[in-house]
There are 2 protein chains.
Amino acid sequence: MDAQSAPAGRVKPVGRGAKVCAAVLAATLDELAEVGYANLTVEAVAQRAGVHKTTVYRRWKDRETLVVDALTEHVAADLPIPDTGDVASDLRELARLLVTHLTVTHLGVAATMFSDAGRLPEIADVRRRFFADRFRRAAPLVTRAVERGQLPEGTDPALLLKSLIAPIYLRLLVTCEPLDDATADHAAAITLAAARAGVFRAHDAHGQSETH
Amino acid sequence: MDAQSAPAGRVKPVGRGAKVCAAVLAATLDELAEVGYANLTVEAVAQRAGVHKTTVYRRWKDRETLVVDALTEHVAADLPIPDTGDVASDLRELARLLVTHLTVTHLGVAATMFSDAGRLPEIADVRRRFFADRFRRAAPLVTRAVERGQLPEGTDPALLLKSLIAPIYLRLLVTCEPLDDATADHAAAITLAAARAGVFRAHDAHGQSETH
DNA sequence: CGTCCATCGCAACTCCTTGTTGCGTTAGAG
DNA sequence: CTCTAACGCAACAAGGAGTTGCGATGGACG
């Protein structure tokens, strides 16, 4: 199907549609941030986008599809993985990038991914793929540090990375405290200290490597 | 008002009401765990409780009040704070108690507190008071460890405790992995290693005490 | 500059859930 | 057994989810 890019005589006058589509998706994110998924109404989204309700339903099958599209588009940003040569700097930078990514738009949007909208199978998939991709791409950061001798042999990248993001998501979802660079630096410090102590060395079960 | 306990001639035949009330609250928690706050309908709750819809509305003003009551009752369990004489055992036990508390009923109920229902001011208050109370009561666990010389001087109890619960809530809310004792032990190991490295020493800002 | 057609606005509709009201019925304390 | 608070039931208004048909509009192309 090359009818998309080739200017072969009148296929799709998508001049209007693109702008409307973008406006509706942006309005959806704004509404999600303000009232949350449970209280999100299609009419409010349409009104905020300067568009009629039926226009929304013409392009999206139902409310869920709309929310899925809006959130999917929002997380479709592939963050870079730092590589400074020092594991402490790498972790600190990685955490700061995550904090920035979570706070670029309204903070409420990111939290929505983990609220009731997360019960939608599509959103759960988006989340799964997001973390799988990030962990896969950030793993070399850890293995490089092990090769440099900065971290113990057998350090499990996934365990370490989960420890790095845990304090950040705790503030976002549980304690509802603001996210800033200090948050990221603190998370990096915790994880680095634990990693140097060998807490993240791979083992059969996932848990205690500590000699109690 | 002693009319409550004294059997002074016909004041309140609350025989039926109590049972109905408990049944409705239990049904609400079950529904929350199954379909979530966003999809919770009063009729489904009433039907599950074997009660008519109007009966629910007679006792609770609206859906929000019902959910608030059900969740408030559910978290009204004051967990004990361990004191074994060893900080490693204390933290491990504290984490295990939290994991148990989060998984006693359906796992979904605890997560509901942090979903869209958390936008209700009353639920936010319940959460705030829950953590404030827990941190206040668990703080001596940390200060005792400092006095024993098991942790560095100036270790901030709140920072340490947040680090302890962060990996647990990450699994509950973000990665949706099951919670077990291994999860708790791992969280305790991370926090203990970081604490011994002095990451949680109090400072002006909240964050970097690490000499990078 | 004018045509043409996809897209949008609009009104009216059905269905479902919230929340309310009035009346008849039942459970249970005395 | 009696009496009353609490419950079941049917019917109701209000509001949001989706749907449909028709008329208006705006942008791509000739």
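Naming: A, B, ... by sequence-line order, numbering from 1 per chain.
- Axis angle across the helix from C:dC1-D:dG30 to C:dG30-D:dC1, with five pairs used at each end and values rounded to 10°: 30°.
- Taking only side-chain atoms of A:R63, from C-beta outward, the nucleotide of C:dG19, D:dA17, C:dA11 with the closest atom is D:dA17.
- Of the candidates C:dC8, C:dG9, D:dG18, the closest approach to any side-chain atom of A:R59 belongs to C:dC8.
- Looking at residues two or more places apart in sequence or on another chain, you find no side chain to side chain donor-acceptor pair (under 3.5 Å) involving B:R119.
- Nucleotide D:dA17 holds its P atom 12 Å from the CD atom of A:Q47, rounded to whole Å.
- Comparing B:Y57 and B:T54, the nucleotide of DNA chain C nearest to each residue sits closer to the 5' end for B:Y57.
- Spacing between atom NE2 of B:H52 and atom C1' of C:dG19 amounts to 13 Å, rounded to whole angstrom units.
- Side-chain N/O atoms of B:T55 include one lying less than 4.0 angstrom from OP1 or OP2 on D:dG8.
- The environment of CD in A:E177 is crowded: more than 12 heavy-atom neighbours from other residues, nucleotides or ligands sit within 6.0 Å.
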From CA spacing to verdict: side chain to side chain donor-acceptor pair (under 3.5 Å), B:D69, B:T72: CA-CA 5 Å; B:D69 261 32; B:T72 302; 5.5 Å; no
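- Judged by distance alone, with hydrogens and angles left aside, A:R58 brings a side-chain donor or acceptor within reach of the base of C:dG9, the pair sitting under 3.5 Å.
- The nearest whole Å value for the distance from the NZ atom in A:K61 to the P atom in D:dT20 is 13 Å.
- Within 4.0 Å (heavy atoms only), B:L40 reaches sugar-phosphate atoms of the nucleic acid but no base atom.
- Between the NZ atom of A:K19 and the C1' atom of C:dG9 there is a distance of 18 Å, given to the nearest Å.
- Between B:D62 atom CG and D:dG15 atom P the separation is 16 Å, expressed in whole Å.
- Atoms CG (A:N39) and P (C:dT17) sit 17 Å apart, rounded to a whole Å.
- Using cut-offs of 30° and 60° on the angle between ring planes, the pair B:H101 and B:F130 is parallel.
- Between A:F114 and B:F114, the ring center distance fails the sub-6.0 Å criterion.
- Spacing between atom CH2 of A:W60 and atom P of D:dA17 amounts to 15 Å, rounded to whole angstrom units.
- Between B:D181 and B:R92, none of the side-chain N atoms (NZ, or NE/NH1/NH2) sits under 4.0 Å from a carboxylate O, so this pair counts as no salt bridge.
- Between the side chain of A:K53 and the base of D:dG18 there is at least one donor-acceptor pair of N/O atoms closer than 3.5 Å.
- Between B:E43 atom CD and D:dC9 atom P the separation is 12 Å, expressed in whole Å.
- Residues forming a side chain to side chain donor-acceptor pair (under 3.5 Å) with A:R129 (at least two apart in sequence, or on another chain): none.
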